> 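Encoded as structure tokens, here's the structure I'll be asking about.
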Amino acid sequence: MTTDDTAPGVVVADLADTAFDLGTHLNGDAVERVVTASAIRRVIVDTEPDCVVVTGEAPDGAWRRGVDTVRAVDSTLPVVLVAPDGSERLAAAAVEADVAAYVNRAAESDPGGRLAAAVEAAVGQGSGDRPARSGSAAEDTRIDHYRTLVETAGDPMYVLDADGNLRLYNDAMAERVGYEDADLVGESVERFTTADSLATADAAIERLLANGGGTHETVEIDLLTAADERVPCEVSLAPVRDDDGAFTGSVGVIRDITDRRARERELERDKRIFETVPDVIFAVDADGIVETTNERASDVFGIDRADLIGRSYTDLLDADVVGREAVDRYLETIARLLDSDTDAPGRFEVTLTTPDGRDRTYEVHVTLRSIDGEFRGTVGVMRDITERTRREAELERQNERLERFASVVSHDLRNPLEVARGRLELARERGDDRHLEHVDSAIDRMETIVDDLLALARQGTAVQDTQLVRLDRIARSAWEVVDTGEATLTVASDCTVRADGSRLQQLFENCFRNSVEHGDNDATSSPVSVRVGLLADDGRPDGFYVEDDGPGIPADQRDQLFEYGTAGSDGGMGLGLAIVKDIVDAHDWRIRVADGTAGTGARFEITGVTVREQ
């Protein structure tokens, strides 16, 4: 196989299928390439090479079978392991396999030169050319066995003796810790690591020795550099044994994991953000399958997070976990984004009913996920904007009230004020006290308008704190503060309702005042009768009503009845029933006008109320 009497022959077992051209790097050595472990035996027997180069990738890859095959044919034949893209685990596995040298091509600026040097050193080591070393003969011989492996490795590597003193380390290790090539030889490992890291490594070696085999273990430690910097590292450890199997030291291969630790911290931070933000965050693939979401989704949809992940939106729709409106809006948003040229997220609002039965409004932001222009799904964020929406609605109502205030002050108060001023001047000029009666009436009108304005101002506070209150007690309290004359009140229910008691009484006051002022029966000249009772929907209490037996409200006037500006009986701007509507809206109730039960009179029905019968 050799080209002359002095050049060694090399067998390349390319078990990683790298097709690495070794012939140009081995100084004229005759090279024969094989690609299977079974072919190694035949070539070694036929050609008697001086070295075998085995390529390998995974720590437990096919290269191990190649090394075992070499050992079975000739236990003294040196083996060099070449890794196309190595790792500290593979380097530790090389120690375990007792190869003569290890070359990590990815870690070398000149992998061909490193390979040639490694083959030359391995052949020299196998021929016994290396001089003897001082120290314990058995220990030195065994540790020196690793010299070529350590020096040819591109990864930071070191060898400790049984007492934990540094015997060998390579240039990569020296560069990593910041010492000169010989500064650490003979020093304790404590010089370049922490006490906690040393305890971790010792425990790993003890586990390996207890196993009785030649396996390696990878642990995380901190290196201490010459500049007293702490560098997080991952070290793959393997014990060194003599021919009798006794422990004589250890070999370590180091990998700097500073960047990985930083990424892990970032991932942990992102995970904390992901789990603790009050918004729902979700990722859905291109087929509509939920890939992940945070725990907040469980609170919103009333289903465990584990039951959400892996299900399609159609499954969730069929199971009533999400509603049709939400799915339709989501799909519409995706279609719009796919048709647009912008990378900006889409946005829509949707109202969902939460597990506790409340309607909540959510703002949903949807961003497309794509790889090389291919749609891969979406990432979405759902934010509860219920309170914001309520504040915006309240602000809008307040702005409307300001406009109404301006209208009332500029128009309704000015009219009776002008009447009073004119009648007062006439009374002064003519001495006729009958004009003062009109002044008194105008003052009464202004007092009513002022009271209504104060009531309107109180509507600016949204209902925040509701409690169960007795409907009959609130109604009777309202009746007592209204000038009802000879009118009568009947309360047909003693149930409790959930409401703001003060605002509910104000509602009754305005309804009662409206009945008394407009409800006198001209045909019979009898005072109006007012009744308060309970409403039911399919047999379940759903609200209450206020009705009278007066002349009623024409059907063509009912649509405008609750609008600000509807004329009252005295020609002024009507505020009372508009205030009633505000109170109803503030409670999220509903109100409608109907005929009384006898076919006459006005009936106000308030529904959507939480009612508990006694």
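This is a predicted model, so every value here is computed, not measured.
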> Would you sort out whether Val532 and Phe512 count as a side chain to side chain contact (heavy atoms under 4.5 Å, CB included), showing the intermediate values?
CA-CA 10 Å; Val532 175; Phe512 294 160; 4.0 Å; yes
> With a 3.5 Å distance limit and no angle check, can you tell me whether Asp256 reaches the backbone of Thr258 through a side-chain donor-acceptor pair?
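Side chain of Asp256 to backbone of Thr258: a pair is present.
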> Apply side chain to side chain contact (heavy atoms under 4.5 Å, CB included) to residues Arg296 and Asp279 and explain how you reach the verdict.
CA-CA 7 Å; Arg296 177 65 179 135; Asp279 304 326; 5.9 Å; no
> Under 3.5 Å, is there a donor-acceptor pair between the side chain of Arg612 and the main chain of Arg498?
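Between the backbone of Arg498 and the side chain of Arg612 there is no qualifying donor-acceptor contact (under 3.5 Å).
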> Would you call Arg255 and Glu220 a salt bridge, using N to O less than 4.0 angstrom?
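Looking at Arg255 and Glu220, the cut-off is not met.
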> Could you tell me if Thr194 and Asp196 have a donor-acceptor pair between their side chains, going purely by distance under 3.5 Å?
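No pair is found: no donor N or O on one side chain lies under 3.5 Å from an acceptor on the other.
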> In Å and rounded to the nearest 0.5 Å, what is the NE2 to CD1 distance from His587 to Ile606?
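Nearest 0.5 Å value for the NE2-CD1 distance: 11.5 Å.
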> Can you tell if the side chain of Pro232 reaches within under 4.5 Å of the side chain of Asp222, non-hydrogen atoms only?
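Yes, side chains in contact.
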> Can you tell me if Thr466 and Asp500 form a side-chain donor-acceptor pair at under 3.5 Å?
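Note: Thr466 and Asp500 side chains miss the donor-acceptor criterion.
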> Side chains of Arg360 and Leu352: does their closest heavy-atom pair fall under 4.5 Å?
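No, their side chains stay 4.5 Å or more apart.
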> For a 4.5 angstrom cut-off between non-hydrogen side-chain atoms, does Cys511 reach Val580?
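Side chain of Cys511 against side chain of Val580, heavy atoms only: contact under 4.5 Å found.
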> Within a strict 4.5 Å, meaning less than it, do heavy atoms of the Leu471 and Val491 side chains meet?
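Not in contact.
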> Are the charged groups of Arg540 and Asp537 less than 4.0 angstrom apart, N to O?
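No salt bridge links Arg540 with Asp537.
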> For the residue pair Gly539 and Ala536, what are the closest heavy atoms and their distance?
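Closest heavy-atom pair between Gly539 and Ala536: C-CB, 4.2 Å.
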> Decide side chain to side chain contact (heavy atoms under 4.5 Å, CB included) for Ile583 and Leu504; before the verdict, give the C-alpha distance in whole Å, the side-chain angles of both, and the deciding distance to 0.1 Å.
CA-CA 7 Å; Ile583 297 172; Leu504 179 59; 6.0 Å; no
> Could you give the distance from SG (Cys495) to CG (Leu534), rounded to the nearest 0.5 Å?
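One finds 4.5 Å between SG of Cys495 and CG of Leu534.
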> Say whether, by atom type as modelled, one donor and one acceptor occur between the side chain of Ser312 and the main chain of Gly288 under 3.5 angstrom.
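Judged by distance alone, no pair lies under 3.5 Å.
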> Classify the ring geometry between Phe604 and Phe562 as parallel (under 30°), tilted (30 to 60°) or perpendicular (over 60°).
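If you compare the ring of Phe604 with that of Phe562, the planes turn out perpendicular.
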> Do Arg263 and Asp259 sit within salt-bridge range, that is, some charged N less than 4.0 Å from a carboxylate O?
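No salt bridge links Arg263 with Asp259.
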> For Gln505 and Ser477, work out which heavy atoms get closest and say how close.
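Here Gln505 and Ser477 meet closest at OE1-CB, 3.6 Å.
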> Considering all heavy atoms of both residues, which atom of Thr386 and which atom of Asp359 are nearest to each other, and what is their separation?
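For Thr386 versus Asp359, the nearest heavy atoms are CG2-O, 4.3 Å.
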> To the nearest 0.5 Å, tell me how far Arg503 CZ sits from Ile579 CD1.
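Answer for the CZ-CD1 pair, Arg503 versus Ile579, is 10.0 Å.
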> So, Asp472 and Arg470, do they make that salt bridge, N to O below 4.0 Å?
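Between Arg470 and Asp472 there is a salt bridge, with a charged N closer than 4.0 Å to a carboxylate O.
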> Between Met382 and Phe301, does the side chain to side chain contact (heavy atoms under 4.5 Å, CB included) criterion hold? Intermediate values first, please.
CA-CA 12 Å; Met382 292 176 54; Phe301 295 108; 3.9 Å; yes
> Taking atom CZ of Arg473 as the centre, does the number of heavy atoms from other residues, nucleotides or ligands within less than 6.0 Å exceed 12?
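No, because the 6.0 Å sphere around CZ of Arg473 holds 12 heavy atoms or fewer from other groups.
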> Do Arg230 and Leu224 touch side chain to side chain, with heavy atoms closer than 4.5 Å?
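In short, these two side chains touch, coming nearer than 4.5 Å.
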> Are any non-hydrogen side-chain atoms of Leu535 and Phe544 less than 4.5 angstrom apart?
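Leu535 vs Phe544: side chains apart.
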> For residues Leu424 and Val439, report the shortest heavy-atom separation together with the two atoms involved.
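Heavy atoms only, the tightest pair is N-CG2, 3.7 Å.
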> If you count the non-hydrogen atoms of other residues, nucleotides and ligands that lie under 6.0 Å from CZ in Arg558, is the total more than 12?
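More than 12 within 6.0 Å, yes.
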> Can you measure from CG (Leu577) to CG (Asn514) and round to the nearest 0.5 angstrom?
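Reported value, rounded in 0.5 Å steps: 4.0 Å.
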> Looking at CZ of Arg531 and CG of Asp549, how far apart are the two atoms once the value is rounded to the nearest 0.5 Å?
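The CG atom of Asp549 is 11.5 Å from CZ of Arg531, to the nearest 0.5 Å.
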> Considering only heavy atoms from C-beta outward, does the side chain of Ile591 approach that of Trp589 to under 4.5 Å?
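No, every pair of side-chain atoms sits at 4.5 Å or beyond.
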> Are Val219 and Val235 close enough that some pair of their side-chain heavy atoms sits under 4.5 Å apart?
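Contact flag for Val219/Val235 side chains = yes.
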> Do other residues, nucleotides or ligands put more than 12 heavy atoms under 6.0 Å from Asp483 CG?
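Counting neighbours around CG of Asp483, 12 or fewer heavy atoms of other residues, nucleotides or ligands fall under 6.0 Å, so no.
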> Tell me, with the steps shown, if Glu349 and Arg383 meet salt bridge (Lys or Arg N to Asp or Glu O under 4.0 Å).
CA-CA 9 Å; Glu349 293 182 9; Arg383 173 163 296 174; over 6 Å; no
> Please determine whether a side-chain nitrogen of the Lys or Arg among Arg421 and Glu425 lies less than 4.0 Å from a carboxylate oxygen of the Asp or Glu.
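Between Glu425 and Arg421 there is no salt bridge, as every charged N stays at least 4.0 Å from the carboxylate O atoms.
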> Got a second to check how far Leu368's CG is from Leu337's CG, nearest 0.5 Å?
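If we round to the nearest 0.5 Å, Leu368:CG and Leu337:CG are 4.5 Å apart.
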> Could you please spell out the steps behind the salt bridge (Lys or Arg N to Asp or Glu O under 4.0 Å) verdict for Arg388 and Glu392?
CA-CA 6 Å; Arg388 188 184 80 187; Glu392 291 173 350; 3.7 Å; yes
> Minimum heavy-atom separation for Asp556 to Gln560, with atom names?
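Shortest heavy-atom separation between Asp556 and Gln560 comes out as O-OE1, 3.4 Å.
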> Quick one: closest heavy-atom pair of Asp315 and Arg311, and the distance?
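Nearest heavy atoms, Asp315 then Arg311: O-NH2, 3.9 Å.
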